[in-house]
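Numbers here simply count residues along the sequence, with the first being 1. These numbers come from the heavy atoms of this one structure, side chains and all, not from hydrogens, waters or symmetry mates.
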Amino acid sequence: MAVELEALCERTKLGIERLREYSLRGRPELSGIPVKKLAAVLVLLYEEAGELRVLLTTRSKLLRAHPGQTALPGGKVDESDESLVHTAFREAHEEVGLPLSCPYIHTLCILQPFLSQAQLLVTPVVAFLTNPTVLDTLKPCVGEVDHIFSHPLEAVLDPQLSAKEPLVPRGSENWLYAEEFHVSRDTITFDDTETLLYRHHRLRSCASAIKGLTADILICVAGAVYEKTTTYERHPPGRDVSYLLDLRTKQYRVHEGSALNTVSNA
């Protein structure tokens, strides 16, 4: 990969190195958690016109779960999956036809898991594509994906940077809000013992809005790449739902009568 990096701009090279260093901080410890509670997504980055972009999809409106919403390629872990990395790439292959064992795709790091609305532990796998022409071969899986698109990674932290993008019109189906680039709303989540707040971020794009879990994951990745925070208030006041991640992890370690996780993090 070293030779392929030479053609990249210095800022991209620095971001890739930061992600590699991030991977040295330790991989998620998910042993003992039932497979049915695990999922993985692929955060595929590439450089275009000197900036990092991320591959995204719009889920099919025919799906029962989150129809028409923006997502990262990914899904639930199968018991036959060798690792969380394998899960992320297998799902990307099934959803958009991303080639398996592609020599131009390099895994950079695995992030700590996020808790989804369905109470799954979702592990992001971050990879870099050195040959963007691979994207020309992608095709959405009928019934699963309606659209494949991309978004500038840094614009997740500073939404005004997306002004140069061919954004969907304000007031349209994909952006109903008066705000131009970003909107957030605090919603109440009920735990067994207390009420918690979740700040739901929505980012305008050239397709469906980037929001919820997908936005949270990309904020984390972009923060690691650029070593800066968002231009908007990321978290609600007090303790938010991130507290639930540790709670659910502890709960899931208790045997639920289902197959325990033997999937590797590698």
Side-chain angles (χ1 to χ4, degrees), residues 35-46 48 53-107 114 116-153 156 162 165-169 171-176 200 202-218 221 263:
V35 171
K36 69 177 184 178
K37 296 296 186 182
L38 299 176
V41 294
L42 179 64
V43 183
L44 185 64
L45 306 176
Y46 66 96
E48 182 179 285
R53 301 185 69 87
V54 59
L55 179 72
L56 295 164
T57 69
T58 300
R59 291 170 58 83
S60 171
K61 292 182 179 180
L62 300 176
L63 294 171
R64 288 184 297 175
H66 312 297
Q69 294 187 15
T70 297
L72 293 157
K76 296 183 71 173
V77 172
D78 285 345
E79 291 186 26
S80 60
D81 288 342
E82 299 173 358
S83 66
L84 294 170
V85 173
H86 182 271
T87 300
F89 280 102
R90 174 184 55 76
E91 287 284 344
H93 176 69
E94 294 173 1
E95 292 178 9
V96 299
L98 187 72
L100 295 172
S101 303
C102 178
Y104 303 115
I105 300 176
H106 308 272
T107 301
F114 289 71
S116 76
Q117 188 176 8
Q119 304 299 294
L120 296 175
L121 301 182
V122 181
T123 299
V125 176
V126 186
F128 186 75
L129 175 65
T130 56
N131 183 358
T133 62
V134 171
L135 301 176
D136 298 334
T137 69
L138 303 186
K139 293 182 180 180
C141 176
V142 177
E144 288 195 43
V145 175
D146 278 349
H147 187 57
I148 301 171
F149 67 103
S150 69
H151 194 75
L153 183 65
V156 174
S162 64
E165 297 288 304
L167 302 174
V168 295
S172 65
E173 177 186 4
N174 286 318
W175 192 257
L176 300 171
H200 194 120
R202 294 174 175 86
L203 298 153
R204 189 176 166 201
S205 77
C206 66
S208 46
I210 302 168
K211 63 182 183 178
L213 179 67
T214 299
D216 293 341
I217 291 172
L218 293 183
V221 174
V263 177

Side chain to side chain, Val134 and Cys102, heavy atoms closer than 4.5 Å: yes
CG/Leu176 to CZ/Arg204 distance, rounded to the nearest 0.5 angstrom? 11.5 Å
Donor-acceptor pair, Arg59 side chain versus His66 backbone, under 3.5 Å? yes
Does Tyr104 OH have over 12 foreign heavy atoms under 6.0 Å away? no
Can you find a pair of side-chain heavy atoms, one from Phe89 and one from Ser101, that are under 4.5 Å apart? no
Checking the side chain of Arg53 only, and the main-chain atoms of Leu44 only, is there a donor and an acceptor separated by less than 3.5 Å? no
What I'd like to find out is whether the side chain of Leu167 reaches to under 4.5 Å of the side chain of Ser162, using heavy atoms alone. yes
Minimum heavy-atom separation for Ser208 to Thr58, with atom names? OG-OG1, 2.7 Å
Could you tell me if the side chain of Arg90 sits less than 4.5 Å from the side chain of Asp78, heavy atoms only? yes
Go through it in stages, so that I can follow the logic: the residues are Glu173 and Lys61, the test is salt bridge (charged side-chain N to carboxylate O under 4.0 Å, His left out), and I'd like the CA-CA distance, side-chain angles, deciding distance and then a yes or no. CA-CA 13 Å; Glu173 177 186 4; Lys61 292 182 179 180; 2.9 Å; yes
Rounded at 0.5 Å granularity, tell me how far CG in Leu56 sits from CD1 in Ile148. 11.0 Å
Supply the atom-to-atom distance Leu55 CG to Leu98 CG, rounded to the nearest 0.5 angstrom. 7.5 Å
Atom OG of Ser116 and atom CG of Leu213: how far apart are they, to the nearest 0.5 Å? 6.5 Å
Gap separating the CD atom of Gln69 from the CG atom of Leu63, nearest 0.5 angstrom: 10.5 Å
In the structure I gave you, are the side-chain heavy atoms of His147 and Thr57 within less than 4.5 Å of one another anywhere? no
Do Asp81 and Thr87 have side-chain N/O donor and acceptor atoms under 3.5 Å apart? yes
Count the heavy atoms belonging to other residues, nucleotides or ligands that lie under 6.0 Å from CD of Gln119, then report whether that count exceeds 12. yes
Heavy atoms of Ala92 and Leu42 approach each other most closely as CB-CD2, 3.8 Å
Minimum heavy-atom distance between Val156 and Ala215, given as atom pair plus value: CG1-O, 4.4 Å
Mind running side chain to side chain contact (heavy atoms under 4.5 Å, CB included) on Val43 and Ile217 for me, showing each step along the way? CA-CA 9 Å; Val43 183; Ile217 291 172; 4.0 Å; yes
Nearest heavy-atom neighbours spanning Leu62 and Gly143: CD1-CA, 4.5 Å
Show the numbers, then the answer: is there a side chain to side chain contact (heavy atoms under 4.5 Å, CB included) between Val77 and Thr123? CA-CA 10 Å; Val77 172; Thr123 299; over 6 Å; no
For a 4.5 angstrom cut-off between non-hydrogen side-chain atoms, does Glu48 reach Pro132? no
I'd like to check Leu45 versus Val126 (side-chain heavy atoms, cut-off strictly below 4.5 Å). Are they in contact? yes
Least distance between heavy atoms, Thr130 atom then His106 atom: CG2-CD2, 3.6 Å
What do the steps show when you test Ile210 against Arg202 for side chain to side chain contact (heavy atoms under 4.5 Å, CB included), and what is the final call? CA-CA 6 Å; Ile210 302 168; Arg202 294 174 175 86; over 6 Å; no
Do Ser150 and Tyr46 get their side chains close enough for a donor-acceptor pair, meaning under 3.5 Å? yes
Can you confirm whether Thr70 sits close enough to Phe149 that some side-chain heavy atom of one is under 4.5 Å from a side-chain heavy atom of the other? yes
Before you tell me yes or no, could you show the steps for Leu38 and Leu120 under side chain to side chain contact (heavy atoms under 4.5 Å, CB included), namely the whole-Å CA-CA distance, both residues' side-chain angles and the distance that decides it to 0.1 Å? CA-CA 6 Å; Leu38 299 176; Leu120 296 175; over 6 Å; no
Carefully, step by step, assess Asn174 and Ser172 under the rule side-chain hydrogen bond (donor to acceptor under 3.5 Å, both in side chains). CA-CA 5 Å; Asn174 286 318; Ser172 65; 5.6 Å; no
Can you tell me how far CG of Asp216 sits from OG1 of Thr214, rounded to the nearest 0.5 angstrom? 8.5 Å
